[in-house]
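Working notes, structure below.
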Amino acid sequence: MDATRVTEQPTSLGRPQSGVDPAETRGAVLRAPEQSAQQFGNPALPAQARADGPPSGPVTAAAPCGQAPDGKGKELPVNGPEHSQPAATEPDAHRPRPAPEAIPAQPGAEQERTPGGEERRTGRGLPPGRPMPMRRDGDRLRFVGAATRRIARGLDLDEIVMGLCRATVPTFSDAILVYLREPLPVGDERPSGPVVLRLRRTDRIPPERDTDGVLLPPAFDPDPEPSVLADLSSLTAELCEVRPGGALNEVLRGVRPVFADAPAARAALPELLGEGGEVVVPGGRHAILAPLRGRRRVIGAAVFLRRAERLAFEADDLLVAAQLATHSALGIDKAVLYGREAYIADELQRTMLPETLPRPTGVRLASRYLPAAETARVGGDWYDAIPLPGSRVALVVGDVMGHSMTSAAIMGQLRTTAQTLAGLDLPPQEVLHHLDEQAQRLGTDRMATCLYAVYDPVTHRITIANAGHPPPVLLHLGGRAEVLRVPPGAPIGVGGVDFEAVELDAPAGGTLLLYTDGLVESRLRDVWTGIEQLREKLAATAQLTGPDHPPPLEALCDEVLDMLGPGDRDDDIALLAARFDGIAPSDVAYWTLEPEDSAPGQARRLARRALARWDLEELTDSVELLVSEVVTNAVRYASRPVTLRLLRTDVLRCEVGDDVPQLPRLRQARATDEGGRGLYLVNRLARRWGATRLSTGKVVWFELNRG
């Protein structure tokens with residue numbers, strides 16, 4: 001066996017039982033041997049008896065742990081439901097510090113104390129409020145049941161570790177140190193490199209005065225030095241490398257908890273706690289070192305500590321520590337797996353949605369996405385904004401049925417298909433038609449709704465096609481919110497249906513909201529009631545900024561999401577808002593040129609006049625050179641008229657269109673070539689440039705900075 005790896009050992013620490021294979025690795029019910037009356041003092045007292053009163057009713061012998069009181073051998077469940085647990089003991093009236101919630105107090109303490117407050121075994125006085133050790137098997141069983149339930153309530157790593165600390169301090173121990181591997185292995189991963197333990201959390205009884213005014217000592221040394229009063233984390237090492245063949249490695253390989261006075265623990269604890277560890281660990285059996293073993297390997301260790309003046313741990317306390325360590329380690333294993341699943345879901349959803357929205361000319365965009373719940377972080381809702389030739393932009397929002405990883409995967413395929421179809425500059429209804437065909441190829445039950453819109457800032461028009469999606473809402477500049485009348489169409493995936501597109505006005509200053517049904521539909525309201533509430537919310541928000549100023553886009557999205565109540569989050573929510581700024585007609589110059597040899601010269605003259613009209617004469621030389629090169633390439637291969645358009649926005653944009661679908665490619669011309677240098681000049685002088693294929697040809701464009 002490789003000495004560098006902590007070996008895998010069975011986690012069951014129960015004693016061998018008749019009819020049970022001791023090598024069984026699934027674990028056994030926690031049992032304790034029958035113990036004599038002399039060991040417990042006076043076990044004839046029932047659990048509900050008080051120290052100052054005689055027992056009421058017949059006196060019966062205490063049943064062994066794991067058996068029914070009737071002695072018939074029926075096992076009590078260790079981790080059964082709360083109503084199946086034996087009744088807790090009556091609290092001690094002299095105890096000022098109650099046990100934590102859901103952790104039973106330690107019964108039997110009243111039997112170990114004399115009327116004068118001294119402990120029967122040692123005769124030493126116990127400070128008021130100090131929790132007493134558990135003296136009966138039933139007490140331990142109830143404590144383990146309550147503690148494991150508290151540990152199991154945690155969902156993430158920190159909650160489970162905190163549950164272990166709160167369950168054991170001060171009921172079982174006065175302090176605890178929890179070490180976990182760094183990094184924690186996930187599932188079947190086999191970590192490479194040395195085993196390193198990091199101090200994850202410490203907990204202890206805080207130094208405080210009890211109700212009798214007695215100052216409880218905050219350290220484990222009866223006469224502590226001032227430096228010992230510091231927190232445990234400052235006295236112990238934060239990182240510990242488990243040396244192959246070392247004492248700590250041997251203890252972790254053994255899996256079973258050990259007392260601090262055991263030979264193996266005496267050498268392992270200094271290695272784990274560091275140089276200052278001897279100050280923390282008291283003498284005798286006042287400390288337990290318990291390895292934390294998950295499903296496949298040891299993932300850490302826990303150290304349970306009791307003060308020197310308190311009763312030491314007993315042999316049966318090792319079984320309690322083993323149960324606590326096993327449940328905590330398995331919970332940590334599951335938390336790590338859940339964290340990995342949540343990380344994968346988050347990454348999948350993030351990559352399926354746009355990381356950033358584009359900034360096309362004439363429109364401003366904002367978006368929001370909310371999953372249905374924290375435990376269901378992936379879904380089929382998506383949104384997108386795709387720049388198109390001619391300064392247009394495609395706005396897309398869709399919703400795939402379901403909230404699973406499959407729905408997210410289908411959503412990603414449909415979104416990619418929509419981007420590809422948008423690059424072909426197809427009409428909105430044709431895009432939905434091809435999406436419908438793609439959904440049918442993915443499967444017979446792949447259903448989705450989608451709304452596809454194309455906004456043209458030059459014409460101030462928007463073309464919308466719908467496939468079973470909720471209609472968009474247009475907020476006008478004056479504050480009026482309007483639900484656009486768009487043919488609903490059939491959902492994507494139905495097949496054999498036609499989609500219809502409508503063209504509507506998109507006034508400057510207006511805001512278009514595209515959303516999924518999770519925003520307007522829930523168990524408490526139908527979709528049309530939700531749409532009406534959305535319309536009213538938009539109108540009320542617009543009134544706050546006045547009729548001449550539209551509300552800020554980001555703030556508007558937040559206000560829309562605020563309309564959701566606590567019971568309105570039944571589905572994922574995708575929201576895309578577009579503010580139409582448009583391009584004024586005075587900032588657009590458009591011409592049509594015949595594919596003749598004189599076209600480049602004509603294009604230069606037209607561009608020079610437009611620049612003079614816009615007071616951009618400083619760009620004349622660059623624009624004339626680049627326009628001449630691009631128009632020359634278009635005229636050389638075109639058979640129909642060539643279009644030339646100049647747009648003045650925050651930049652100067654030039655677009656040249658022809659009927660040839662082949663896109664130009666930048667290449668390095670050789671010294672003997674007569675041509676091939678036009679795009680090289682465009683690439684060197686322009687701020688940006690590109691080429692986009694259209695259904696009727698292509699458009700080559702470039703941009704120059706103004707001033």
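Evaluation of the side chain to side chain donor-acceptor pair (under 3.5 Å) test over residues 351-360, restricted to residues two or more places apart or in two chains, returns none. Residue pairs meeting the salt bridge (charged side-chain N to carboxylate O under 4.0 Å, His left out) criterion with at least one partner in residues 461-478, sequence neighbours excluded, are R461-E503, R461-D505. For residues 583-604, the set of pairs meeting the salt bridge (charged side-chain N to carboxylate O under 4.0 Å, His left out) definition, not counting sequence neighbours, comprises D587-R648.
Neither side chain, N633 nor E629, offers a donor N or O lying under 3.5 Å from an acceptor on the other. Judged by distance alone, the side chains of Q438 and R441 do bring a donor and an acceptor atom under 3.5 Å apart. Side-chain N/O atoms of R693 and Q662 include no donor and acceptor closer than 3.5 Å.
D581 has a carboxylate O that lies under 4.0 Å from a charged side-chain N of R364, or vice versa, which qualifies the two as a salt bridge. Between D658 and K698 there is a salt bridge, since at least one side-chain N of the basic residue sits less than 4.0 Å from a carboxylate O of the acidic one.
Taking 4.5 Å as the limit, every side-chain heavy atom of L646 sits out of range of all side-chain heavy atoms of R653. For the pair L652 and E703, the minimum side-chain heavy-atom distance is 4.5 Å or more. In this structure, W701 and V656 have side chains that are not in contact, with every pair of non-hydrogen atoms separated by 4.5 Å or more. The shortest side-chain heavy-atom distance between P664 and V700 falls under the 4.5 Å cut-off. Annotation: side chain of P428 is not in contact with side chain of L432 (no heavy-atom distance under 4.5 Å).
Residues forming a side-chain hydrogen bond (donor to acceptor under 3.5 Å, both in side chains) with S586 (at least two apart in sequence, or on another chain): none. Applying the side chain to side chain contact (heavy atoms under 4.5 Å, CB included) test to K334 and every residue at least two apart in sequence or in another chain returns nothing. Considering only residues two or more places apart in sequence or on other chains, H434 meets the side chain to side chain contact (heavy atoms under 4.5 Å, CB included) condition with L421, L426, E430, E437. Every side chain to side chain contact (heavy atoms under 4.5 Å, CB included) that V527 has, sequence neighbours left out, goes to V520, E521, I531. For D526, the side chain to side chain contact (heavy atoms under 4.5 Å, CB included) partners two or more places apart in sequence, or in a different chain, are W528, T529. Under the side-chain hydrogen bond (donor to acceptor under 3.5 Å, both in side chains) criterion, E341 pairs with no residue at all, not counting sequence neighbours.
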Quick one: side chains of residues 550-560, donor-acceptor pairs under 3.5 Å with protein atoms, not counting sequence neighbours, listed by atom name and distance.
| unit_1 | atom_1 | unit_2 | atom_2 | d |
| --- | --- | --- | --- | --- |
| E554 | OE1 | R368 | NH1 | 2.9 |
| E554 | OE1 | R368 | NH2 | 2.9 |
| D558 | OD1 | R368 | NE | 3.2 |
| D558 | OD1 | R368 | NH2 | 3.0 |

Distance-only donor-acceptor pairs under 3.5 Å for side chains of residues 476-499, two or more places apart:
| unit_1 | atom_1 | unit_2 | atom_2 | d |
| --- | --- | --- | --- | --- |
| H476 | NE2 | R480 | NH2 | 3.2 |
| H476 | NE2 | E482 | OE1 | 2.9 |

Taking distance alone, no hydrogens or angles, what donor-acceptor pairs closer than 3.5 Å link side-chain atoms of residues 380-395 to residues at least two apart or in another chain?
| unit_1 | atom_1 | unit_2 | atom_2 | d |
| --- | --- | --- | --- | --- |
| D381 | OD2 | T516 | OG1 | 2.9 |
| Y383 | OH | S367 | OG | 3.2 |
| D384 | OD2 | R415 | NE | 3.0 |
| D384 | OD2 | R415 | NH2 | 3.4 |
| D384 | OD2 | Q419 | NE2 | 2.9 |
| R392 | NE | P389 | O | 2.8 |
| R392 | NH1 | D425 | OD1 | 3.4 |
| R392 | NH2 | P389 | O | 3.4 |
| R392 | NH2 | D425 | OD1 | 2.6 |
| R392 | NH2 | D425 | OD2 | 2.9 |

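Atom CZ of R640 has 12 or fewer neighbouring heavy atoms from other residues, nucleotides or ligands inside a 6.0 Å radius.
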*Please walk me through it: do L606 and L593 pass side chain to side chain contact (heavy atoms under 4.5 Å, CB included)?*
CA-CA 11 Å; L606 295 174; L593 306 175; 4.0 Å; yes
